[in-house]
Amino acid sequence: MQENKSRGAFSSKLGFVLAAAGSAVGLGNLWKFPYITWENGGGIFVLVYLVCIVLVGFPVMIAEISIGKVSQKDPVGAFKVLDGIKSPFRFVGMLGVFGGFLILSYYSVVAGWSMEYIVRSGADSFRAVPRQEVSTLMQKEEMQDYAKKRIFAMQIQKPQPDNIKEEILLDAGLIQQTTKKDAIYYDQVNEQYSKNLDILPELLKKKKKLAKWQTYFYEQFLKKKDAKTKLAKILLPKYSEQSFIDFISNGKKPLFWHTLFMLITLLIVIGGIQKGIEKASKFIMPILFIIVGFMAINSLMLDKEQEGIRFLLIGMPEKLHGYSILEAMGHAFFTLSLGMGAMLTYGSYMQKHESVVKSAFWVTFLDTVIALAACLMIFPILFVYHLHPESGSIGILFTSLPLELVKLPLGMMMAVIFYILVFLAALTSAISLLEVVVTYLADEMNFSRIKSTLIAALAIYLAGVPSAFSGDFLTMADHFASRFVLPIGGLLIAIYAGYRMDKEILHKEFTDFGISEKVFRFFYFSVRYITPVLVFLVFLTGIIGFGK
Ligand code: PHE
């Protein structure tokens, strides 16, 4: 087959490896991997994940890049060229292009959040609750409860005139959680006021009453020596969470960042493979490696007890369960950008004399190193500040973590650097997602690169608008893509490479580049047997756990 010069190509193996590693290293490495490792007890889970990378991730990556390299086509065209114009596998390509479209639509919104947080960190807004926010936060029911409880505890310790006591008792009756000491009073209150119980909620609702509470709270409680620090400790995480929620549900701001992020992605992709994608990757990836290394070392120095490393190596094996294996497996796909044609597309721009297997090895290796380094960066912070992430949502990256980052040596700068890292990692992944759709339009519709890029970017941008306005929509799109599109795409690609593709074409990718027969046999066995079985299982859990 002739080299198709007009499509463009990566100039060198390094160019390809950095671009493909840029695609692989993303939000999946920086947050999702540390999070699932934490959830599944570290240690053995990391081992299981590494086994999945070697047994499934690496072979499927070789298959995807090879399909791209030999066909020199977009994901749909590749199957048409290799398997006939009416090949049923062209639908696998279509699913992939659709996947790229869908993933980028919300990925760009999340990347936009990181841009907002670069600005917020720069403005040093994670150290204290702004004055004007305190009273808003105090309107929250749980804060009301907290304030009442504190005042009640204060009041019962000193003698009071009857009328004040009565009022306090009345309010105390509204507190749900009480300490032992409070509980005695609570009973008495209930006893005394049982006749009036039904009017209590109304009393609570009365603005006058609440205002009085606040005045009292500020005047009496906050005067106490340690009160401000105590209150700040409780208010700051609430404030951080609240301002994140306010931000993502604000609509306009996320939309602004989504717009800007898509524009930056567009400007890089429109430049083409060498002058756009390769150039950007060669510039961004070294910066990214330096930041990750710097932050990991910084965190490790903080972690005098080395709890972070110990968790990564030994951890809590009892937390590992059957589902963990499937989780590790599913993540291997997401983090290596497999199952939707991103690697296939990049492979189609690889030069004939470059080795698929060696490149795939480097991409897999770099992605794994960054994922492990991200753990070394985040775990010490979690341990040292006793932070326990409970939800798998992307949110914690923007709620609890910034509060801890600013406490590090060089605090504010670390937070800024961290969000720059998140932004850059997301950008190189976004480029690859857009390129999948652009290559499809260029190859299948014969559009020029400029036209393809403008159409693809605009369509994806519009598809992302609902995600910019609604976190629920965003989560739904993510679940659908990562639990349905990627696993089924990966399964079918492995089946294609293992059962339908000309074995000799694949074989040549090994022998022509001096890679041993043993490695080829391992690869072929994996795509034929191991991958289909494992991916099928992941796919099933994806379906079963769809509503989760
Ligand atoms: N690999 C990227 C990450 O880890 C996500 C991604 C998936 C990018 C599929 C491209 C294609 O965040």
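Atoms within each ligand, like the ligands themselves, are counted from 1 in listed order. Side chains are part of it too, since the values below use all heavy atoms of this structure and drop only hydrogens, waters and symmetry mates.
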Q. Salt bridge or not for R449 and E435, using N-O below 4.0 Å?
A. yes
**Q.** Criterion side-chain hydrogen bond (donor to acceptor under 3.5 Å, both in side chains) against S348, the qualifying member of R7, K69, K73
**A.** R7
(Q) Considering non-hydrogen atoms of the protein only, which is the closest contact for atom 12 (O) of ligand 1, and what is the distance? (A) Y107 OH, 2.6 Å
Q | Numbered atoms and elements of ligand 1 in range of L433, under 4.0 angstrom, heavy atoms | A | 10 (C), 11 (C)
Q. By number and element, which atoms of ligand 1 are closer than 4.0 Å to a non-hydrogen atom of S432?
A. 10 (C)
Q: Compare S23, G28, A481 and give the one whose heavy atom is closest to atom 2 (C) of ligand 1.
A: S23
Q. Out of F361, F510, F523, which one pairs with I515 under the side chain to side chain contact (heavy atoms under 4.5 Å, CB included) rule?
A. F510
Q) Nearest protein heavy-atom contact for atom 8 (C) of ligand 1: which residue, which atom, what distance? A) S337 OG, 3.3 Å
Q) How does K32 reach ligand 1, if at all, at less than 4.0 Å between non-hydrogen atoms: by side chain, backbone, both, or neither? A) neither
Q: Answer side chain, backbone, both or neither: which part of A24 comes under 4.0 Å from ligand 1, heavy atoms only.
A: backbone
Q.
Checking contacts here: is it the side chain or the backbone of F334 that comes within 4.0 Å of ligand 1, counting heavy atoms only? Could be both or neither.
A. both
Q) Can you check whether F10 and Y346 have ring centres sitting under 6.0 Å from each other? A) yes
Q | Side-chain H-bond candidate by donor/acceptor type, T345 with T439, under 3.5 Å | A | no
Q: Mark up the atoms of ligand 1 that fall under 4.0 Å of a heavy atom belonging to M340, in ascending order.
A: 9 (C), 11 (C)
**Q.** L27, any N or O under 3.5 Å of ligand 1 N or O
**A.** yes
**Q.** Member of Q274, Q351, E278 meeting the side-chain hydrogen bond (donor to acceptor under 3.5 Å, both in side chains) criterion with S11
**A.** E278
Q: Please determine if R120 forms a cation-pi arrangement with F247, meaning its NZ or CZ atom is less than 6.0 Å from the six-membered ring centre and no more than 45° off the ring axis.
A: yes
**Q.** Any N or O of T335 closer than 3.5 Å to N or O of ligand 1
**A.** yes
Q) Centroid-to-centroid, W38 to F311, below 6.0 Å? A) yes
